[in-house]
Trainee: 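Pasting in a structure now, in structure tokens, and then I'll have a few things to ask.
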Amino acid sequence: MDVLKGKSTGKGRLTDMKLIVAINIVAGLGIFFSGYDQGVMAGVNYVMKVGYVKPDGSQVVTKPTYQGGIVAIYYLGTTIGTLMGGSISDHIGRIRTVLIGCFFAIFGAALQAGAMNAPWILCARIITGMGTGVFNGILPVWSAETSHKDVRGFFVSFEFTLNYVGLITAYWLEYGVSFVGDGTGSFRWRFPLAFQIIPMLVLIVLILFMPESPRWLVKAGRIEEAQVVLGRLRGGGDSLDPRAQHEYQDICGAVELERKQAFRHGYISMLTGRNSGKLHLARRVQLSTWLLFLQAWTGITTITVYSPIMFTLAGYSTRKSQLLAGINNIGACLCSLVGMVLIDRVGRRRLLWAGAVGLGLCMFLETGMVTMLKKQVVGSSEAQAWGAASAFFVFFFTGIFASTWLDVPFTYPTETFPLEVRARGNAFGTVGWGLGCGTVSLLVPVWFASISQYTFLIHGCVNFLTIPVVWALYPETKRRTLEEMDLLFASDKPWVWEAEKEFARLKLENAQMLHSASDAPEVFIAEEKAGGGVKHLEGSSVHSSN
């Protein structure tokens, strides 16, 4: 295949939007695996014997701390994988890094399916998590670097809609195999764990026909290949098309700067912001990491993994609770389509605000509904009414999340970092996701065992806390080019209003360069000339068409 022979222009006749759609469908297979692997957690808990199985096939957890640790150890693997992927991706490219992720995913899935004891499957979960970490860290970056700025959010959102499709597939597959035999045999968990190998094999085949990120190709010095890819993405297959040429020039300007300032490449220097000047890399790292950490703490991880327990709290039978949890995931997948449409229209900040209000209210109301339900006589009409209301707010919560907080936190880190550290920057965001999911997965089983429905109050408070945080610290990235992000984070103050003021000033002062299609890219210097001249920004090339 071309990518293995050193040529990364891809094969086929697809160009422009058709090629972008194909790239995102292929990338979505990796994110589908991520969702599937999260959804298959129930089978892992079964083999780990965190409790016992009732005659109706339901599980009763007697070791909540052990259960939480089993789930959390998977996210340790994702953290390792995303840091590894972010580091090597800038050296060997996005596609080859994804192929390495496929190796870990397939190897881990095979080990899980063949597990004979607890240490075996725990190690297998870490290895599988490493594959998921690579996918979550690299595939959205590949998508962002090949998509147009007007639809960048849409396509990254599309990938995480497939995350829900994976979650749904795992859930219903496990639900189906629970009816095989008496529902207690090893087939119940071995088959779903082995099944996840299939999408990985499909991903390996298809990605070999896809083009590499043109930005990485320029950075690697493979200029001719980069021009061919840009021609396919922007010029209908013509590398001399003005749109492709303008974007190529902008990328070259950014890469030239990187070669002069290679000290900014390490994780430590990014985290501390050492020598990053006006680029403020440490600020971007913090914003990306905490946004995905907070996403997990909105309550979605709790509902995703423990929704059958929540429906049981609402008064439904075990089998009906499992059925409702599956239907809830399907509803969430459909609602995620709303987020795909809105993210590039209403913007990232407004979606986060609206989502936080809705999610917080749902968590508070869910607490009240379950509390009232427990005061009723089991089987009474009052108990049924409160149970139905409780179930409604679980559905409503999931729908709001899928429409708002599902997409934005994963999209933001793919947009806000300079080319030279974009893969590493997105890796920090995925680390935040892994830490958030891991801590929630570790603590929630214990909370359910000790404070029951009052666990939801904690999530409700977190949701309302995110509103002032987003308002004050997270600038809007909607329909701004990847190269403009350096201007957006140029302010020395972290507040959004200061960032927007500085961005507007820098863009106005350099308006001619920003809109001149014939000019070569510029490299700006972070200092204001003594004579009151134009203030430029170190490290940016800002008239990109992407």
Side-chain angles (χ1 to χ4, degrees), residues 79 82-83 86 136-137 140-141 144 149 152-153 156-157 160 264 266-298 343 347-353 355-356 404-437 439 462-503 506 537 539-540:
T79 299
T82 193
L83 290 174
N136 286 350
V141 170
K149 66 181 178 64
R152 189 173 61 233
V156 176
S157 300
F160 287 96
R264 286 202 301 263
Y267 282 120
I268 299 300
S269 61
M270 289 179 65
L271 185 61
T272 61
R274 186 178 70 247
N275 297 320
S276 67
K278 288 287 184 177
L279 291 178
H280 297 117
L281 294 181
R283 184 191 306 167
R284 305 193 211 191
V285 166
Q286 294 295 327
L287 292 177
S288 298
T289 303
W290 282 106
L291 188 60
L292 276 157
F293 182 89
L294 290 171
Q295 182 201 56
W297 276 88
T298 59
I343 190 169
R348 285 53 163 159
R349 284 162 57 85
R350 290 179 180 176
L351 277 184
L352 293 176
W353 288 336
T404 56
W405 273 80
L406 170 64
D407 299 327
V408 176
F410 282 110
T411 302
Y412 207 81
T414 69
E415 303 175 306
T416 51
F417 286 93
L419 169 61
E420 60 173 307
V421 292
R422 188 164 294 133
R424 286 179 172 87
N426 192 55
F428 274 110
T430 308
V431 167
W433 172 78
L435 292 175
C437 292
T439 52
V462 171
N463 279 296
F464 282 103
L465 174 66
T466 64
I467 297 174
V469 170
V470 171
W471 172 76
L473 298 175
Y474 286 83
E476 181 59 70
T477 59
K478 178 186 72 170
R479 296 189 178 181
R480 285 171 168 163
T481 70
L482 295 179
E483 282 70 29
E484 283 179 333
M485 296 304 165
D486 289 344
L487 300 183
L488 188 60
F489 289 93
S491 174
D492 292 328
K493 298 178 181 179
W495 314 117
V496 167
W497 50 91
E498 295 291 344
E500 292 290 350
K501 186 188 303 182
E502 186 75 355
F503 176 80
L506 289 170
L537 178 67
S540 64

Trainee: From Thr79 OG1 over to Leu435 CG, what is the distance, rounded to the nearest 0.5 angstrom?
Mentor: 5.0 Å
Trainee: Just jot down the ring pair (Phe, Tyr, Trp, His ring centres under 6.0 Å) partners of Trp495, sequence neighbours excluded, or say none.
Mentor: Trp497
Trainee: Please assess Phe293 against Thr439 for the test side-chain contact (heavy atoms from CB on, under 4.5 Å), listing each intermediate value before the final yes or no.
Mentor: CA-CA 9 Å; Phe293 182 89; Thr439 52; 4.0 Å; yes
Trainee: Which residues satisfy the salt bridge (Lys or Arg N to Asp or Glu O under 4.0 Å) test with Arg284, sequence neighbours excluded?
Mentor: Asp486
Trainee: How about Trp433 and Thr82: does a side-chain donor come under 3.5 Å of a side-chain acceptor?
Mentor: no
Trainee: Could you pull out the closest heavy-atom pair between Arg274 and Ile268, with the gap in Å?
Mentor: NH1-CG2, 4.5 Å
Trainee: Please give me the minimum heavy-atom distance between Ala490 and Leu506, naming the atom from each residue.
Mentor: CB-CD1, 3.7 Å
Trainee: Return the minimal non-hydrogen interatomic distance between Asn463 and Thr298, and the atom names on each side.
Mentor: ND2-O, 2.9 Å
Trainee: Can you confirm whether Phe417 sits close enough to Val285 that some side-chain heavy atom of one is under 4.5 Å from a side-chain heavy atom of the other?
Mentor: yes
Trainee: Which heavy atom of Pro413 sits nearest to which heavy atom of Gly429, and what is that distance?
Mentor: CG-CA, 4.3 Å
Trainee: For a side-chain hydrogen bond (donor to acceptor under 3.5 Å, both in side chains) check, start with the C-alpha distance between Trp405 and Thr466, then their side-chain angles and the critical distance, and finish with the verdict.
Mentor: CA-CA 11 Å; Trp405 273 80; Thr466 64; 4.9 Å; no
Trainee: Using modelled atom types only, decide if a donor and an acceptor are shared between the side chain of Glu476 and the backbone of Gly347 within a distance under 3.5 Å.
Mentor: no
Trainee: Do any N or O atoms from the side chain of Asn426 and from the backbone of Gly137 form a donor-acceptor pair under 3.5 angstrom?
Mentor: yes
Trainee: Among residues at least two apart in sequence or on other chains, which ones pass salt bridge (Lys or Arg N to Asp or Glu O under 4.0 Å) with Glu500?
Mentor: Arg480
Trainee: Is there side-chain contact between Val462 and Leu294, with at least one heavy-atom pair below 4.5 Å?
Mentor: yes
Trainee: Treating Glu484 as the side-chain partner and Thr481 as the backbone partner, does any N or O pair qualify as donor plus acceptor under 3.5 Å?
Mentor: yes
Trainee: With sequence neighbours excluded, tell me which residues meet side-chain contact (heavy atoms from CB on, under 4.5 Å) with Thr416.
Mentor: Ser288, Tyr412, Thr477, Phe489
Trainee: For Trp290, does the CH2 atom have more than 12 heavy-atom neighbours from other residues, nucleotides or ligands under 6.0 Å away?
Mentor: no
Trainee: Which residues pass the side-chain contact (heavy atoms from CB on, under 4.5 Å) test with Trp353, not counting sequence neighbours?
Mentor: Arg349, Arg350, Ile467, Val470, Trp471
Trainee: Just by modelled atom types, is the Gln286 backbone N or O under 3.5 Å from a matching donor or acceptor in the Thr289 side chain?
Mentor: no
Trainee: Restricting to side-chain contact (heavy atoms from CB on, under 4.5 Å), what partner residues turn up for Thr411, sequence neighbours left out?
Mentor: Val156, Ser157, Ile343, Arg348, Thr414, Glu415
Trainee: Just wondering, do Tyr474 and Leu352 contact through their side chains at under 4.5 Å, heavy atoms?
Mentor: no
Trainee: How many angstroms lie between CZ in Phe160 and CG in Asp407, if you round to the nearest 0.5 Å?
Mentor: 8.5 Å
Trainee: Does the side chain of Leu83 come within less than 4.5 Å of Arg424's, by heavy atoms?
Mentor: no
Trainee: Do Pro475 and Phe503 have side-chain heavy atoms sitting under 4.5 Å apart?
Mentor: no
Trainee: Would you name the heavy atoms of Thr404 and Gly355 that are closest together and state the gap between them?
Mentor: OG1-CA, 3.4 Å
Trainee: Over all heavy atoms of both residues, which pair between Thr272 and Ala282 is shortest? Give the atoms and the distance, please.
Mentor: C-CB, 3.8 Å
Trainee: Do the non-hydrogen side-chain atoms of Pro418 and Leu281 ever get within less than 4.5 Å of each other?
Mentor: yes
